[in-house]
Structures are given as structure tokens and as C-alpha cells.
Amino acid sequence: MWQGLLICAALTSAGFGLVRLPGLAESSVSPLVVALLLGILIGNLPLARRAKRTGPGLAFATRWLLRGGIVLFGLSLTLQQVVALGPKVLLLDMLVIASVLTAGYVIGTRVLGMDRETTLLTSAGSAICGAAAVLATESTIRSRPAATAMAVATVVLFGSLAMLLYPLLYPLLGMDEGLYGIYIGATIHEVAQVVAAGEAVGPEALANAVIVKLVRVMLLVPFLLIVGQWWLRRHTAVEDRAQGGLVIPWFAFGFMAMVVFNSLVDLPAPLHDALVLTGQVALTMAMAALGFETRLEKLRALGIRPFLLALTLFVLLIGGGWIASNLLMG
């Protein structure tokens, strides 16, 4: 197992190091994304293709480190943040998530003719919380590495574009700063991208954007419970279904337990920061393993359609999110 984990550790160290370089440090690029890209690059080299003993370590990273990282991600949230803006925020986030997931799945499978795995992963990343949602969904439905890598690439691309575009749109959309922060939190993909966009608009926008986004992240748990059972019924053979039983993403309950724990227990700051960092490292190692297992020919086989789907959902988030934010919170 150690060979695969050593590769993941090296790619993770490189990812955390590269995002601190001038240029990348100001762009809010996540180490997860850099580790994924490095993994794809190195994993497709001839020497890496001949490595035969990396499988167990890579499998451990994509399964157990991934789930452990998502559990520790719960220490970034508190229940107090959820109730701060009232019940309408929950309704707004639920509406955004349901609309994007439904539209994404229908457009992806019926209009673009995409496979169900890539469609669901791309839609989940756009609707909920970017790469973290893609990885959590991947762990629930056990999709192919190529589908996961493509979904992560698309949500990172359009989430980064949103991070740059939203501050420019602020003077044009007729919203006050607080409402615009709610709009940011309800529609931009990644937590880091939400922070960057909200900070560029103003302190009130930043505060509201983070809270709305964190509520959106917490809705990942009921989504995983629902999608697990739906995927089992729709896309699993009857004999496998009988043997496998219910698909329960137990790590999602661990995530919620960490949210509750973080709300009730005030850990010393160094310990809290260390645990959060441990979760980030675990997720980055999982992303590196996914990238290392991804073959470029499989990505090419997916074609342009995942990007068209992500673009469509990006436009839906901007337009539909603006309408929903004004109607519910304006």
C-alpha cells in the first residue's frame, strides 16, 4: 500500500507548495485542483503506467482518505451559522440545488446524451459545493475516475469564472450589498470562490455569502442519502441490489456529527486548525489518487459535452439564482 500513498503524498505536497507561488497565491486556486492536474499529468507518463504496485494505496486514498476528509470538513461549519439568516435562506438553497440537479440531469442525459455518472457528478458539483460535492457523490455511487476528473474540471473552471465575474456584475444587477452576498453564496460553486467574490464586493456581502454557502454545503448530507437510494434503484442490477442492501453514506453522518461537535465544543484554535488542515490534506490526497488513475484517452472519450452541461448550469445559476434571490430574500 505504501507505494500508492507515497505518490499521493508527493502530489499533495506539490499541490500545497505550488498554490503558494506568486500568481497562484492571489487566484484562490485550491490545492485539490493542482493535485488533480499533477496526478493526471504524472499518471499518464510511460513510467507511471508501468507501476503495478500502486493500486492498493490509491484505492485507500480514494475511499478512506476521501471519506475521512469529508468528515473533517464538518469542522468548518457550525449550526449557529445556519440559523443566522433565517429559514428563507434554507428555502433559497434548497430551490437552487433542486433546480440545478433536475435541469442538469435532464439536459445531460436527454439533450446532450451523456452517461448518467458524469451527468450526476457535474450537476452535483454545480448545485452544491464544487469539487467536495463531486468527491462525496463519487464515493456514494462509485463512479469511474475519468467521470470524476471531468466533473471536477468543469465545476472548477466555471466556479473560477464566477469568482471573477460576480464582482463585475455587482453594480449592474441592482442589489444592495447584503442581498448580493446572499446571491453569491447561493450560486457560486466552491467555498473558497464564494469567499473571494464576497470579499471583492464588501464586508456585508462576504458575511452573508459565507453563511448562505455553508447552509448549501450542509444540504450535501440529505442529497447523498437521497441519491444513494435513487442510484441503487435505478442503476443497479436486481441481484446486486439484493446483495448490497441500502446505500448509506455513513461518512455523511460523520460530517454532520462534526458540524454539531464544532457548534457545541470550543476546541483550542491550534487543534481546530490542525484538524481542518488534516481534512484538507486527506481530500487533496484523494484528488491526487483520482488524477493518477485517470487516463487522458478516457477523458477525450467524454468529449465536449460535460463542458456544455457545466456551461448551461453556470448560466442557470447566474440567471435563475438572481431571480430566486430577489423573490425570496429581496
>> Can you tell me which residue among Ile40, Asn44, Thr54 is in a side chain to side chain contact (heavy atoms under 4.5 Å, CB included) with Phe292?
In response: Thr54
>> Are Leu95 and Leu91 packed together at the side-chain level, in the sense that at least one heavy-atom pair is separated by less than 4.5 angstrom?
In response: no
> Would Met218 and Leu79 count as a side chain to side chain contact (heavy atoms under 4.5 Å, CB included) if you check the C-alpha gap in whole Å, the side-chain angles of each, and the deciding distance to 0.1 Å?
Replying inline: CA-CA 10 Å; Met218 291 188 68; Leu79 294 174; 3.9 Å; yes
> How long is the span from the CE atom in Met175 to the CG atom in Asn326, to the nearest 0.5 Å?
Replying inline: 4.0 Å
> From Thr12 OG1 over to Met285 CE, what is the distance, rounded to the nearest 0.5 angstrom?
Replying inline: 5.0 Å
> Given the rule that I, L, V, M, F, W and Y join up when any side-chain heavy atoms are under 4.5 Å apart, are Leu121 and Val106 in one cluster?
Replying inline: no
>> Could you walk me through whether Phe253 and Leu225 satisfy the side chain to side chain contact (heavy atoms under 4.5 Å, CB included) test, starting with their C-alpha distance in whole Å, then the side-chain angles of each, then the deciding distance to 0.1 Å, before giving a yes or no?
In response: CA-CA 10 Å; Phe253 291 102; Leu225 293 172; 3.8 Å; yes
> With sequence neighbours excluded, what pairs up with Arg67 under the salt bridge (Lys or Arg N to Asp or Glu O under 4.0 Å) test?
Replying inline: none
> Any side-chain heavy atom of Leu169 sitting closer than 4.5 Å to one from Trp322?
Replying inline: no
> Side chains of Leu72 and Leu75: closer than 4.5 Å at any heavy-atom pair?
Replying inline: yes
> Would you call Phe73 and Val217 a side-chain contact if the rule is heavy atoms closer than 4.5 Å?
Replying inline: yes
>> Run the side chain to side chain contact (heavy atoms under 4.5 Å, CB included) test on Leu283 and Val281 for me, step by step, so that the C-alpha distance in whole Å, both residues' side-chain angles and the decisive distance to 0.1 Å come before the verdict.
In response: CA-CA 5 Å; Leu283 287 176; Val281 170; over 6 Å; no
> Looking at CG of Leu58 and CG of Leu65, how far apart are the two atoms once the value is rounded to the nearest 0.5 Å?
Replying inline: 10.5 Å
>> Please find the pair of heavy atoms, one from Ala124 and one from Ala133, that lie closest to each other, and give the distance.
In response: O-CB, 3.6 Å
>> Tell me if a side-chain donor or acceptor on Asn262 pairs with a main-chain N or O of Met258 at a distance below 3.5 Å.
In response: no
>> Please determine whether a side-chain nitrogen of the Lys or Arg among Arg144 and Asp115 lies less than 4.0 Å from a carboxylate oxygen of the Asp or Glu.
In response: yes
Exercise answer: donor-acceptor pairs, residues 177-187 side-chain atoms, under 3.5 Å, sequence neighbours excluded:
from, atom 1, to, atom 2, distance (Å)
Glu177, OE2, Glu204, N, 2.8
Glu177, OE2, Ala205, N, 3.3
Tyr180, OH, Tyr166, O, 2.5
Tyr180, OH, Tyr170, N, 3.4
Tyr183, OH, Ile318, O, 2.7
Thr187, OG1, Tyr166, OH, 2.9
Thr187, OG1, Tyr183, O, 2.6

> How far apart are the closest heavy atoms of Cys8 and Ala61, and which atoms are they?
Replying inline: SG-CB, 3.9 Å
> With the 4.5 Å side-chain cut-off for hydrophobic clustering, are Leu328 and Ile97 part of the same group?
Replying inline: yes
> Of all heavy-atom pairs between Thr122 and Thr118, which one has the smallest distance, and what is that distance?
Replying inline: OG1-O, 2.8 Å
>> Using a 3.5 Å distance criterion without hydrogens, assess whether the side chain of Arg216 forms a donor-acceptor pair with backbone atoms of Ala127.
In response: yes
> Can you list the other members of the hydrophobic cluster that holds Trp2, where links are side-chain heavy atoms under 4.5 angstrom apart?
Replying inline: Leu6
For residues 304-317, which side-chain donor-acceptor pairs fall under 3.5 Å, sequence neighbours excluded?
from, atom 1, to, atom 2, distance (Å)
Arg305, NH1, Leu112, O, 3.2
Arg305, NH1, Gly113, O, 3.0
Thr312, OG1, Leu308, O, 2.8

> Is there a side-chain contact between Leu120 and Trp230 (heavy atoms, below 4.5 Å)?
Replying inline: yes
> Could you give the distance from OH (Tyr105) to CE (Met114), rounded to the nearest 0.5 Å?
Replying inline: 10.5 Å
> How many angstroms lie between CD1 in Ile211 and OG1 in Thr78, if you round to the nearest 0.5 Å?
Replying inline: 8.5 Å
>> Measuring only between side-chain heavy atoms, which start at C-beta, is Leu21 closer than 4.5 Å to Leu18?
In response: yes
>> So which atom in Leu36 and which in Val152 form the shortest heavy-atom distance, rounded to 0.1 Å?
In response: CD2-CG1, 3.5 Å
> For Leu41, which fellow cluster members are found when Ile, Leu, Val, Met, Phe, Trp and Tyr are connected by side-chain heavy-atom distances below 4.5 angstrom, either directly or through intermediates?
Replying inline: none
> Can you pull the side chain to side chain donor-acceptor pair (under 3.5 Å) pairs that have at least one residue in residues 276-287, sequence neighbours excluded?
Replying inline: none
> Okay, side chain of His189, backbone of Gly125: is any donor-acceptor separation there less than 3.5 Å?
Replying inline: no
> How about Ser160 and Gln193: do any of their side-chain heavy atoms sit closer than 4.5 Å?
Replying inline: yes
> Side-chain heavy atoms under 4.5 angstrom apart, residues restricted to Ile, Leu, Val, Met, Phe, Trp, Tyr: same cluster for Val221 and Ile226?
Replying inline: no
> Checking Lys213 side chain against Asn208 main chain: does a donor-acceptor pair fall under 3.5 Å?
Replying inline: no
>> As an exercise, state the distance from OG1 of Thr109 to CD of Glu117, rounded to the nearest 0.5 Å.
In response: 13.5 Å
> Does the Thr154 side chain pair with the main chain of Ala151, one donor and one acceptor, at a distance under 3.5 Å?
Replying inline: yes
> Which heavy atom of Ile188 sits nearest a heavy atom of Ala197, and at what distance?
Replying inline: CD1-CB, 3.7 Å
>> Are there over 12 heavy-atom neighbours, none belonging to Asp266, within less than 6.0 Å of that residue's CG?
In response: no
>> Given 3.5 Å as the limit, does a donor-acceptor pair link the side chain of Ser123 with the main chain of Thr119, or not?
In response: yes
> Side chains of Val201 and Leu206: closer than 4.5 Å at any heavy-atom pair?
Replying inline: no
> Under 4.5 Å between side-chain heavy atoms, hopping through other hydrophobics if needed: is there a path connecting Leu173 to Leu168?
Replying inline: no
